[in-house]
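Working notes for the structure below.
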There are 2 protein chains.
Amino acid sequence: MISISRETDYACRVILHLGMLPVGQRVTAQEIARQRIVPRALIRRVVTRLGAAKLVTTTRGSGGGLALARPASEISLRDVVEAMEGAIALNTCVIYPRECPLVKACPVHEAWTNARVALVRELSQATFDKLAARGQMLGA
Amino acid sequence: MISISRETDYACRVILHLGMLPVGQRVTAQEIARQRIVPRALIRRVVTRLGAAKLVTTTRGSGGGLALARPASEISLRDVVEAMEGAIALNTCVIYPRECPLVKACPVHEAWTNARVALVRELSQATFDKLAARGQMLGA
DNA sequence: TACAATGAGACTAGAATAGTATCATTTGGA
DNA sequence: TCCAAATGATACTATTCTAGTCTCATTGTA
Ligand code: SF4
Ligand code: SF4
């Protein structure tokens, strides 16, 4: 089954949670873990990666926590997936064409490239302002 | 990196090879392995799965080999991927919504569903008659 | 200083991946 | 009839990935 990892899904929950808060408000990772049913010990890795990808800013110490590093409208599902999984490739040759000796005469390579473009486009347009707004509706 | 497995790629090579042959002509798995640079021992598993998915027909014994089970125009990249990987899910909740307790109020779930539709559409339209024709061009 | 929070990373168990190797079965032809 | 050619079905290994737990260091606030 071709799918993202569990951690990536957790990362989406974190960003969504932050996106649904009033702008600039901080919340601790533990609080998100509790509300979004993420294993407590796992959320640390997720937050670290999201921080490294500059999607969230973190503050240590008491009263610290996380917040989005930029407006939710400028963070898409694509950004989160790429931060967690690395590139969205579909097939390795899309990212590393050198590694396949058949690539020059391979029509399938082109098909994967096209599919990747379609997928990335779709994920790029799923920005977290839209998702958060939709989440408010569903939650109410 | 979100990607198909190596075996799935090999499966595409097999189907493409068969699609580029004159209709009905049989060829042995070993011959495909040699021409398309697939490990000899691995191609057996690939062919078995493609046979189980009714994408190819096989004949044992000397003079045997493989051929497409239906016209190349009726086999798409989607069929091959699903035969090898199982469902194209992108996220488990797209296939097994019951397993996530958040699914009812989750806007991200809808986004994954939309992305899946776009990806499957793209892969479905990549039929192997088109790919084979393009392959003839590239190879010439 | 005490405490609350993140940062970094070691560790485990289990599953998936990629590839190799055997042996059985079927079939056509010498 | 018997051999060789071909697929069918597994078993096996080594490696990497996944999901999750745990511990300790670092930072910042009160
Ligand atoms: S055979 Fe074609 S699709 Fe497969 S890895 Fe090579 S270039 Fe890509
Ligand atoms: S949190 Fe949403 S996207 Fe993630 S698995 Fe649950 S329903 Fe799917």
Side-chain angles (χ1 to χ4, degrees), chain A residues 1-14 18 25-34 36-69 81 84-87 89 91-93 99-100, chain B residues 1-14 18 25-34 36-69 81 84-87 89 91-93 99-100:
Chain A
M1 194 182 70
I2 178 169
S3 166
I4 59 169
S5 73
R6 207 111 200 81
E7 270 188 37
T8 301
D9 186 71
Y10 293 150
C12 295
R13 300 187 196 188
V14 169
L18 294 173
Q25 181 167 338
R26 286 193 179 276
V27 63
T28 70
Q30 292 311 314
E31 182 61 18
I32 299 178
R34 201 175 56 74
R36 302 282 173 171
I37 319 182
V38 179
R40 296 196 178 173
L42 246 183
I43 203 161
R44 331 259 39 256
R45 271 214 301 265
V46 172
V47 167
T48 301
R49 294 205 72 153
L50 292 175
K54 302 230 163 81
L55 295 180
V56 303
T57 59
T58 58
T59 320
R60 290 178 168 192
S62 87
L66 333 175
L68 294 183
V81 172
M84 298 300 294
E85 306 261 348
N91 198 348
T92 55
C93 62
E99 290 187 10
C100 180
Chain B
M1 194 182 68
I2 179 168
S3 167
I4 59 170
S5 73
R6 208 114 198 79
E7 272 188 36
T8 300
D9 186 69
Y10 293 151
C12 295
R13 300 186 196 188
V14 169
L18 293 173
Q25 182 168 337
R26 286 193 178 278
V27 64
T28 69
Q30 292 311 314
E31 181 62 16
I32 300 178
R34 203 175 53 75
R36 301 283 173 171
I37 320 182
V38 179
R40 295 193 180 176
L42 247 182
I43 203 162
R44 331 260 34 257
R45 272 213 301 263
V46 172
V47 167
T48 302
R49 295 206 71 153
L50 292 175
K54 304 231 162 78
L55 295 180
V56 303
T57 59
T58 59
T59 319
R60 289 180 169 191
S62 84
L66 332 175
L68 294 183
V81 172
M84 298 300 294
E85 304 262 350
N91 197 348
T92 55
C93 63
E99 289 186 11
C100 180

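Throughout, a chain's letter reflects where its sequence line sits, starting with A, and its residues are numbered from 1. Heavy-atom basis, side chains included; hydrogens, waters and symmetry copies ignored.
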What integer distance in Å separates I43(A):CD1 from dA4(C):P?
19 Å

Under 4.0 Å between a side-chain N or O of T58(B) and OP1 or OP2 of dA6(D)?
no

Hey, are the side chains of L66(A) and T28(A) touching, using non-hydrogen atoms and a 4.5 Å cut-off?
no

Dump the pairs, protein N or O against N or O of nucleotides 27-30 of chain D, anything under 3.5 Å, distances to one decimal.
{"from": "dT27(D)", "atom 1": "O4'", "to": "R60(A)", "atom 2": "NH1", "distance (Å)": "2.6"}

Distance check, rounded to the nearest 0.5 Å: Y10(B) atom OH versus L50(B) atom CG?
14.0 Å

Whole angstrom value for the distance that separates P of dT7(D) from CG of L50(B)
13 Å

What is the separation between atom CD1 on I4(A) and atom C1' on dC17(D), rounded to the nearest whole Å?
15 Å

Which atom of A29(A) lies closest to which atom of V47(A), heavy atoms considered:
CB-CG2, 4.1 Å

Figure out the CG/P separation between L66(B) and dA5(D), and round it to whole Å.
17 Å

Calculate the interatomic distance between R26(B) atom CZ and dT26(C) atom P; express it in whole Å.
17 Å

For DNA chain C, produce a single dot-bracket line, 5' to 3'. Pairs: Watson-Crick or G-U wobble, both distances under 3.5 Å. Symbols: ( ) within strand, [ ] crossing, | other strand, . unpaired.
||||||||||||||||||||||||||||||

To the nearest 0.5 Å, tell me how far R36(A) CZ sits from E31(A) CD.
10.5 Å

For the pair E7(A) (side chain) and M84(A) (backbone), establish whether a donor and an acceptor sit closer than 3.5 Å, ignoring hydrogens and angles.
no

Whole-Å distance separating the CE atom of M84(B) from the P atom of dT17(C):
10 Å

Under 3.5 Å: donor-acceptor pair, side chain of Q25(A), backbone of A67(A)
no

Can E99(B) and T92(B) be counted as having a side-chain donor-acceptor contact under 3.5 angstrom?
no

Would you list the protein and nucleotides 20-24 of chain D atom pairs, both N or O, that sit under 3.5 Å from each other?
{"from": "dG20(D)", "atom 1": "OP2", "to": "Y10(A)", "atom 2": "OH", "distance (Å)": "3.2"}
{"from": "dG20(D)", "atom 1": "N7", "to": "R45(A)", "atom 2": "NH2", "distance (Å)": "2.8"}
{"from": "dG20(D)", "atom 1": "O6", "to": "R45(A)", "atom 2": "NH1", "distance (Å)": "2.9"}
{"from": "dT21(D)", "atom 1": "O4", "to": "R45(A)", "atom 2": "NH1", "distance (Å)": "3.4"}

Taking every heavy atom of R13(A) against every heavy atom of C100(B), the minimum-distance pair comes out as NH2-SG, 3.8 Å

As an exercise, state the distance from CG of N91(B) to CD1 of I2(A), rounded to the nearest 0.5 Å.
12.5 Å

Rounding to an integer number of Å, can you tell me how far R49(B) CZ sits from dT7(D) P?
18 Å

Using a 4.0 Å heavy-atom cut-off across all strands, classify G51(B) as base, sugar-phosphate, or nothing.
nothing

Is there a donor-acceptor contact under 3.5 Å from the side chain of R26(B) to the main chain of G64(B)?
no

Whole-Å distance separating the CG atom of D9(B) from the P atom of dT17(C)
14 Å

Sorted by position of nearest nucleotide on DNA chain D, 5' first, the leading residue of E85(A) and V27(B) is V27(B)

Main chain of I4(A), side chain of T8(A): is a donor-acceptor contact present, judged purely on distance under 3.5 Å?
no

